[in-house]
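One structure is given below, encoded as structure tokens.
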Amino acid sequence: MTEFDALELDESAHSRRVFCSWEDAGWRSLLLRRFDDDPVAEDVVVPPSDDQQLVLMMSGRVAIESGADGRWRGARYAPGSVGLTAPHRLTRLRWRSTSPEPINRLHVRLPGEVLRRVAHEMCPGEAPRADSLAVTDPVLTQMMLALANAAAAGAPDLYAESAAEFLAVHILVHHTGRFLSPAPQREDVRIRRVLDFMRDNLHQNLTLAEMAREAGLSTFHFLRVFKAATGRTPHRHLTELRVEIARHHLENGSLPVGEIAYLCGFSSPAHLSTVFTRTVGTSPSAYRRQRRA
């Protein structure tokens, strides 16, 4: 389990934390936090960390400067602007609001161990550094927003674990000049083994690492091979499988909805209801009534 040193930092002098995925969603694979920032801040010290840090501007506009290694860089942040801070980099920040809108910031910390492992799997050697004061990257923006929505909705840590792998690859490819090798051929035998493993252990809190181990692949290569073979991510396939089995129980059995939720691997009846309604278009109870009618 990853521990994030950022959890111990006191940022109350210039920001107010309004969400923390560690405390509010129980995620351990990455750390996602939302902050409301003061309109003006001077000499904010960001201590070095083993994590790759990503900051997304949610609302407001600011003129920001970053000081590191004796140099200052300036940029203007607007909604959608993304900042990247490489692991083990001490940074000093100062900013000033340039609009009346409140400043709301989304901050993601990607464990350095994930970044280094993925970099080694892509091309052995020292992991390249991704460091930029301000970039425009629609994929990063949408991914960070999706993470925020998933954390707020109570998505399991498997979602965060899968997202961490994707973020590591995307950052290495698009923000360090590192490119992927061609996609591998289908490996149907390994994927079929994982599909059977998913179905047999549907009630368990399956992790990406466990599924990759069942396939005999690294997590990075497992994600690529699974998506090539099925057209879905492991998380999406597992969710669809759980909904499929829940539908079967609702149509053919008399188990209470709460029992079906835990039997199919959902964290609670409410979690089943949310996912089922989003996927099927109606609640589990309404679906059972309709089928029986």
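When a residue number appears, it is its place in the shown sequence, counting from 1. Just so it is clear, the values below take in all heavy atoms, side chains as well, and ignore hydrogens, waters and symmetry mates.
Between Arg236 and Thr230, the closest side-chain pair of non-hydrogen atoms is not below 4.5 Å. With a 4.5 Å cut-off on side-chain heavy atoms, Val45 and Leu90 count as touching. Counting only heavy atoms from C-beta outward, the side chains of Glu165 and Val118 approach each other to under 4.5 Å. Counting heavy atoms from C-beta outward, Leu140 and Leu84 have side chains that approach closer than 4.5 Å. Leu272 is not listed as a side-chain neighbour of Tyr262, based on a closest heavy-atom distance of 4.5 Å or more. Ser49 has its side chain within reach of Arg109: a pair of non-hydrogen atoms, C-beta onward, lies under 4.5 Å apart.
Listed here is the closest heavy atom pair of Cys20 and Leu31: SG-CD1, 3.9 Å. In this structure, Ser97 and Ile103 approach most closely via the heavy-atom pair CB-CD1, 4.0 Å. Across all non-hydrogen atoms, the minimal contact from Tyr159 to Ala150 is CE2-CB, 3.5 Å. The two residues Ser15 and Phe35 have their closest heavy-atom pair at CB-CD2, 3.9 Å. Minimum heavy-atom separation, Ser162 to His235: OG-CB, 4.1 Å. Pairing each heavy atom of Cys264 with each of Arg242, the nearest pair is O-CG, 2.8 Å.
A distance of 10.0 Å separates OG1 in Thr141 from CE in Met58, rounded to the nearest 0.5 Å. Rounding to the nearest 0.5 Å gives a distance of 10.0 Å between NE2 of His237 and OG1 of Thr239. Note that the CZ atom of Arg224 and the OG1 atom of Thr219 stand 12.0 Å from one another [nearest 0.5 Å]. Within the model, atoms CD1 of Ile64 and OH of Tyr77 stand 5.0 Å from one another, a figure rounded to the nearest 0.5 Å. Distance check: Asn104 CG to Ser59 OG gives 4.5 Å after rounding to the nearest 0.5 Å. Here Arg96 contributes atom CZ and Asp38 contributes atom CG; the two are 15.0 Å apart, rounded to the nearest 0.5 Å.
Taking the charged nitrogens against the carboxylate oxygens, Arg117 and Glu113 have no contact shorter than 4.0 Å, which rules out a salt bridge. A salt bridge links Arg92 and Asp43; the closest N-O separation between the charged side-chain nitrogens and carboxylate oxygens is under 4.0 Å.
Hydrophobic cluster membership is shared by Phe166 and Met144, with clusters built from Ile, Leu, Val, Met, Phe, Trp and Tyr side chains linked at under 4.5 angstrom. Under the 4.5 Å side-chain contact rule for hydrophobic residues, Val55 and Leu93 do not share a cluster. Both Val169 and Val114 are assigned to one and the same hydrophobic cluster, defined by single-linkage of ILVMFWY side chains at heavy-atom distances under 4.5 Å. Linking ILVMFWY side-chain heavy atoms closer than 4.5 Å, directly or via other members, places Leu255 and Ile245 in two distinct hydrophobic clusters. The hydrophobic cluster containing Ile171 also contains Leu145, counting ILVMFWY residues as joined when their side-chain heavy atoms lie under 4.5 angstrom apart, directly or transitively.
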So Ile191 and Phe226, side-chain contact (heavy atoms from CB on, under 4.5 Å) or not? Walk me through it.
CA-CA 6 Å; Ile191 297 306; Phe226 192 96; 4.0 Å; yes

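Residues meeting the side-chain hydrogen bond (donor to acceptor under 3.5 Å, both in side chains) test with His271, sequence neighbours left out: Ser267. The ring pair (Phe, Tyr, Trp, His ring centres under 6.0 Å) check on Trp95 picks up His14, with sequence neighbours excluded.
The number of heavy-atom neighbours closer than 6.0 Å to CZ of Arg61, taken from other residues, nucleotides and ligands shown, is 12 or below.
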Solution key, residues 198-213 side-chain donor-acceptor pairs under 3.5 Å, sequence neighbours excluded:
from, atom 1, to, atom 2, distance (Å)
Asn201, ND2, Phe197, O, 2.9
Thr207, OG1, Glu210, N, 3.1
Glu210, OE1, Thr207, N, 3.1

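For the pairing with Glu23, the salt bridge (charged side-chain N to carboxylate O under 4.0 Å, His left out) check across Arg33, Arg28, Arg17 returns one residue only, Arg17.
Below 30°, between 30° and 60°, or above 60°: for His170 and His174 the angle between ring planes is between 30° and 60°, a tilted geometry.
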